Amino acid sequence: MTLTKKILLGAAVSTLVVALSGCAGNDVAPGSLLKPGQIGNLSSAASGADSVPPRPGSKIPGEQEDGGASLGVDDPSTLTDIEGRKPTPVEKSATLPSSLPLDVFPFSQEGVDDAGERSVASWFIVVKASDKDAASSLLKQFAGDGGFTQVSEETSGDEIAQTLTSDRGLCEVLAFTDGEAADAAMLVNFECSLNAG
């Protein structure tokens, strides 16, 4: 092994030891990942369990009967936020927000799957298109009607991402296959905001 490889290997090992020692709790001996006098695997060291590894076929704490890991949640309907409130489901709105300036963002009500206001100067509009060609046509028509210029475009498979700008507005657009549809339908998500000034 060359001197350079030895130095690089030493640096890598030192970095790993420093990183792992930061993961250890206060009850771990300095320079060690295990509790004083403990031998065994790291999972038992971290949990404070006996240092003897489990026997084959025995149940590991936190493991489900099918062998999968348990997340500690038996019933998702019992989940609450940090203040004990249950989350409120958000209903879709197929109506354009009344605050949306249609002279800047020329949407029609046709095909709107969901829409809403994010702030006083920003909105989201999700339009359903029958397929990728229809989504592309919708984007071209929207850009033309609103005087938008396409600043960037990226495509990947059935996804289209575009940034459109005009004198008065900005739209970040993402078109993607509707996972809930049985056909080739696409959802075109517009994130629109007014330019400052």
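Just so you know, these numbers come straight off a predicted model, no measurement behind them.
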- Message: Is there a side chain to side chain contact (heavy atoms under 4.5 Å, CB included) between Asp158 and Phe176? Walk through the geometry before answering.
- Response: CA-CA 6 Å; Asp158 286 337; Phe176 54 94; over 6 Å; no
- Item | Test item: Asp114 side-chain N/O and Ser93 main-chain N/O as donor-acceptor pair under 3.5 Å | yes
- Task: Nearest 0.5 Å please: distance from the CD atom of Glu172 over to the SG atom of Cys192.
- Result: 9.5 Å
- Query: Hey, is the main chain of Ala175 close enough, under 3.5 Å, to the side chain of Lys132 for a donor-acceptor pair?
  - Reply: no
- Quick one: list whatever passes side-chain hydrogen bond (donor to acceptor under 3.5 Å, both in side chains) with Asp103, sequence neighbours left out. Arg168
- What pairs meet the salt bridge (Lys or Arg N to Asp or Glu O under 4.0 Å) rule with one or both residues in residues 134-145, with sequence neighbours excluded? none
- Task: Rounded to the nearest 0.5 Å, what's the gap from CG on Asp178 to CG on Asp131? Could you check?
- Result: 12.5 Å
- Message: Tell me whether the count of non-hydrogen atoms from other residues, nucleotides or ligands lying under 6.0 Å of CD in Glu154 goes above 12.
- Response: no
- Query: Hey, what do you get for CD (Glu159) to CG (Leu174), rounding to the nearest 0.5 Å?
  - Reply: 5.5 Å
- Look only at the side chain of Ser166 and the backbone of Gly169, and say whether a donor-acceptor pair between them is shorter than 3.5 Å. yes
- Message: For a 4.5 angstrom cut-off between non-hydrogen side-chain atoms, does Asp167 reach Asn195?
- Response: no
- For Val151 against Thr165, the heavy-atom pair lying closest together: CG2-OG1, 3.4 Å
- Remaining members of hydrophobic cluster (4.5 Å side-chain criterion), Val112: Leu96, Leu100, Leu102, Val104, Phe105, Phe107, Trp123, Ile125, Val127, Leu138, Leu139, Phe142, Phe148, Ile160, Leu164, Val173, Val188, Phe190, Leu194
- Task: Could you go through the side chain to side chain contact (heavy atoms under 4.5 Å, CB included) check for Asn189 and Glu191 one step at a time?
- Result: CA-CA 7 Å; Asn189 181 40; Glu191 293 290 333; 3.5 Å; yes
- Message: Please find the pair of heavy atoms, one from Met186 and one from Ala135, that lie closest to each other, and give the distance.
- Response: SD-CB, 4.2 Å
